[in-house]
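To find a chain, count down the sequence lines: A is the first, B the second, and so on, and within it residues start at 1. Given the structure is predicted, the values throughout are model-derived calculations rather than measurements.
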Amino acid sequence: MKEAKLIEEFTTEQRALLPKVQLKNTFQIDKIQLVAGVDLAYWDVEGKTYGTCCIVVIDFSTHEVVEKVHSYGEITVPYISGYLAFRELPLIKAAAKKLTLQPDLFLFDGNGYLHYRNMGIATHASFYLNKPTIGVAKSYLKIDDIDFTMPENREGAYTDIVINNKIYGRALRTTKNVKPIFISCGNWIDLETTTDIVMSLVNKESRLPIPVRLADLETHVKRREY
DNA sequence: GCGACAG
DNA sequence: ATCTTGTCGC
């Protein structure tokens, strides 16, 4: 089909954005008050695919939910590994536009710098949200045939994911006896801070950062309503 | 035909 | 992502 044409176009856009990525903090961690989690859910109706994007904002210190917004619409871009942002960004932008509060940081269900061209959805989306972002993936995206090293079975244990002598991200065991998650910088943040923030947002109930977990739950609720 | 493959 | 019950384990 013309999927090859899309991939060529998408790749060009990702390569153009890459030089603008900065893996260093543009904020003070003790100034962070509001963090947002972003996730989407999909379903099919009469051959068409629809989706809803939910953003849940919580207070960084109390974990209290302070705002929830969502968007809904038809999904036209297919899922292609490495190009998730192009499929999900339209609904993400629409939902973000409805926010009345301004989160200091956004966490995504998907990768950031840990990506074939270092331009996963968390990194890509930062340019539209103009805020620091973090990528949180539940499964490992293998790049250049490099496997990750399993971290020790201990809360907070992690291993760096090194590809071509660059640290792309980390396999992080957020809780003992659970599978690791794969975190990476989105933009305007460093990997140490990324790790600290993710660890401060997990608890016994969720191996995923709370905002991402809540956004995921919210998408299921919204899908039932449509 | 077979294997890969964030969500 | 989504289709889906029970079941093993802490």
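Among the heavy atoms of the strands lying under 4.0 Å from A:Gly82 is at least one base atom, whether or not backbone atoms are also near. Using a 4.0 Å heavy-atom criterion, one finds that A:Tyr83 contacts the bases of the nucleic acid, with or without backbone contacts as well. Among the protein residues, A:Tyr79 comes within range of the nucleic acid bases, having at least one heavy atom under 4.0 Å from a base atom. Note on A:Ile121: a base of the nucleic acid sits closer than 4.0 angstrom, heavy atoms only. Using a 4.0 Å heavy-atom distance criterion, A:Asp109 is classed as a sugar-phosphate-only contact.
When rounded to the nearest whole Å, the span between OH of A:Tyr50 and P of B:dG7 equals 25 Å. When rounded to the nearest whole Å, the span between CG of A:Leu141 and P of B:dG3 equals 20 Å. Separating the NZ atom of A:Lys222 from the C1' atom of C:dT2 is a distance of 20 Å, rounded to the nearest angstrom. For A:Ile143 and B:dA4, the CD1 to C1' distance is 14 Å, given to the nearest whole Å. Between the P atom of B:dA6 and the OH atom of A:Tyr116 lies a distance of 6 Å, rounded to the nearest Å. The separation between A:Asp145 atom CG and B:dG3 atom P is 16 Å, rounded to whole Å. Computed from coordinates, the A:His124 NE2 to B:dA6 P distance equals 18 Å when rounded to whole Å. What separates CG of A:Asp144 from P of B:dA4 is a distance of 16 Å, to the nearest Å.
Of the two residues contacting DNA chain C, namely A:Asn177 and A:Asp216, the nearest-nucleotide position lying further toward the 5' end is that of A:Asp216.
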Check your understanding: Could you go step by step and tell me if A:Arg117 and A:Tyr83 meet the side-chain hydrogen bond (donor to acceptor under 3.5 Å, both in side chains) rule?
Key -> CA-CA 10 Å; A:Arg117 290 164 297 281; A:Tyr83 303 93; 3.3 Å; yes
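Between A:Tyr140 and A:Ile161, the closest side-chain pair of non-hydrogen atoms falls below 4.5 Å. When side chains are defined from C-beta on, A:Tyr42 does not count as touching A:Tyr79, because their heavy atoms never get closer than 4.5 Å.
Here the nucleotide nearest the side chain of A:His220, chosen from C:dT2, B:dC5, B:dG7, is C:dT2. Here B:dA6 is the nucleotide among B:dA6, C:dT2, B:dG7 with the atom lying nearest to any side-chain atom of A:Asn111.
Between A:Lys138 and the phosphate of C:dA1, there is a side-chain N or O to OP1/OP2 separation shorter than 4.0 Å. Applying the 4.0 Å criterion to OP1 and OP2 of B:dG7, one finds that A:Ser81 has every side-chain N and O outside that range.
Stacking between A:Phe182 and the base of B:dA6 is absent under the criterion of ring centres within 5.5 Å and planes under 30 degrees.
Evaluated for a ring-ring contact (aromatic ring centres under 6.0 Å, His included) with A:Phe182, the options A:Tyr113, A:Tyr158, A:Phe148 yield exactly one hit, A:Phe148.
Using a 4.0 Å cut-off between charged nitrogen and carboxylate oxygen, A:Arg170 and A:Glu192 count as a salt-bridge pair.
C:dT2 and B:dC5 are spaced 15 Å apart, taking the C1' atom of each and rounding to whole Å.
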